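Beneath this line is the structure, given in structure tokens, with notes to follow.
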Protein chains: 2
Amino acid sequence: MDEKVAAKADQVGIASPRRSPAQQRSRERVERMLAAASALIAEQGSDAMRMGEVAEKAGVSIGSLYQFFPDKRAIVWALAERYTAEGQACISAALKEVEDAEGFKSAFSELVDIYYQLFLAEPVIRDVWSGTQADKALRALELADSRANAEFLVAVLKRLRPDADPVQLETTAFLVWQMGEAAVRLAISVDREEGDRLVEAYKRMALRELVGE
Amino acid sequence: MDEKVAAKADQVGIASPRRSPAQQRSRERVERMLAAASALIAEQGSDAMRMGEVAEKAGVSIGSLYQFFPDKRAIVWALAERYTAEGQACISAALKEVEDAEGFKSAFSELVDIYYQLFLAEPVIRDVWSGTQADKALRALELADSRANAEFLVAVLKRLRPDADPVQLETTAFLVWQMGEAAVRLAISVDREEGDRLVEAYKRMALRELVGE
DNA sequence: TTCAAAATGTGATAAATCCTCACATTTGCA
DNA sequence: TGCAAATGTGAGGATTTATCACATTTTGAA
């Protein structure tokens, strides 16, 4: 499992850690490092996060930090990787049981709300995903995540609209999903009232596109 | 004019330059600095751009650079500020003469294509706008720019659909514009064929939302 | 023209930060 | 037990941003 993650990280331009934690002791320490990083990011943002602070807060030396994370970006990437995994599980579960268009509409709407609330409430998630445009590795992770999530949509839509063109469906789902991320990011950047309006407008637009009028 | 820009920069969290270029000589040097920065960003990205390199390429000392730009981000911000100004002029011009729904559709479609081509062809623009999620000053600039551009859309749409709810129109236009940026960014991140499909899908979706079926 | 004040120009260097590396300690296991 | 692998450490090398005291050029009023 750790090897899988390392391999995936390699593909998107993150150097693999020199070591994967093999012993219980180091696994716990890596957890403490990630927790410390998470706390610091929540406080000041990942840009202001200092490797020395992470090490100190985790109660390890700076050398230990670099034993498992090749560089600063890798820490943020590791956090992002976890969020995508959690997110995909959540989305897959929410869409799996959908049977008809009405069910899809309410499931989709609920997913968007969850996403919106998550970004409103969690500074770490907000910060980690904000690096997504500038950092190539994060960008690749986000694209892969978006594609995976779009696939969940496509799987449901193929059942609901068996006549639809599959390629068209893929394109639309991918686009709609990315736009959802954009919409949520926009919504949390403005005041709450306007943000709510924007999210509702996005839902309407997305559903119209995905399941028609 | 320079004071205006400085004031605007202040509002979004960019410290004002200690000095605005007042003499012809320094104005030319500032241009050289921006040109050098632009070239370096095109080569390696703004993250890899080094202040020393910018100074050297511009033929000025590092001290002169900091005379007019308080920090590294300010250089990128200054470039971004120019692109938004140019973009707004272009958009305003394209929409000003629209008379009916058909005219709007073709003008909008053309604008999206221009935007897409610009991002495909110009590494500097691509890079500068990619910092938009992480850098607060850039984010604020982009939001203000998006609002301004959405206003151009609203102005036209009010003429085409005098019965529509103004608040709804504002929300939709703002959202659709931001989504267009997201769509273009997505399109340039994938292979050309899929990118073209995504942009076309966006156009269809946006136009359906803005002017109906 | 003169000359003082403002504007501009310079680059060594202070300060901050990332990351490495040589060496120490702990753990797993034959 | 004893050795190899895994893990732990933190001083210091390497980079890079940004400052500042001082030099030079331009402007404009007398």
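The structure displayed is predicted, hence computed values, not measured ones. Just so it is clear: chains get the letters A, B, ... in the order the sequence lines come, proteins before strands, and each one is counted from 1.
We find that NZ of K72(A) is positioned 17 Å from C1' of dT20(C), with the value rounded to whole Å. If you take CD of E56(A) and P of dT17(C), they are 13 Å apart, rounded to a whole angstrom. For the pair R73(B) CZ and dA18(D) C1', the computed distance is 14 Å after rounding to whole Å.
Under the rule for a ring pair (Phe, Tyr, Trp, His ring centres under 6.0 Å), F152(B) has no partner lying at least two apart in sequence or in another chain. Contacts of Y83(A) classified as ring pair (Phe, Tyr, Trp, His ring centres under 6.0 Å), with partners at least two apart in sequence or in another chain: none. In this structure, R159(B) has no salt bridge (charged side-chain N to carboxylate O under 4.0 Å, His left out) partners at least two apart in sequence or on a different chain. For Q24(B), the side-chain hydrogen bond (donor to acceptor under 3.5 Å, both in side chains) partners are R27(B), E28(B), not counting sequence neighbours. With sequence neighbours excluded, no residue satisfies side-chain hydrogen bond (donor to acceptor under 3.5 Å, both in side chains) with R50(A). In this view, R32(A) satisfies the salt bridge (charged side-chain N to carboxylate O under 4.0 Å, His left out) rule with no residue, not counting sequence neighbours. Take E53(B) and apply the side-chain hydrogen bond (donor to acceptor under 3.5 Å, both in side chains) test, not counting sequence neighbours, and it matches no residue.
Residue Y66(B) places none of its side-chain N or O atoms closer than 4.0 Å to OP1 or OP2 of dT19(D).
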Q: Would you mind building the protein contact string for nucleotides 23-28 of chain D? One character per nucleotide, 5' to 3', B for base within reach (heavy atoms under 4.0 Å), S for sugar-phosphate only, - for untouched.
A: --SSS-
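Listed by first then second residue, pairs satisfying salt bridge (Lys or Arg N to Asp or Glu O under 4.0 Å) with a partner in residues 111-126 of chain B read D113(B)-K203(B), not counting sequence neighbours. Applying the salt bridge (Lys or Arg N to Asp or Glu O under 4.0 Å) definition to pairs two or more places apart or across chains, none involves residues 170-183 of chain B.
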Distances under 3.5 Å only, N/O to N/O: pair up the protein atoms with those of nucleotides 9-13 of chain D.
unit_1, atom_1, unit_2, atom_2, d
dT9(D), OP2, R29(A), NH2, 3.0
dT9(D), OP2, S61(A), N, 3.1
dT9(D), OP2, S61(A), OG, 3.4
dT9(D), OP2, S64(A), OG, 3.2
dG10(D), N7, G63(A), N, 3.3

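Within residues 38-55 of chain B, no residue has any heavy atom closer than 4.0 Å to DNA chain C.
Without hydrogens or angle criteria, S109(A) side chain to K105(A) main chain gives no donor-acceptor distance under 3.5 Å.
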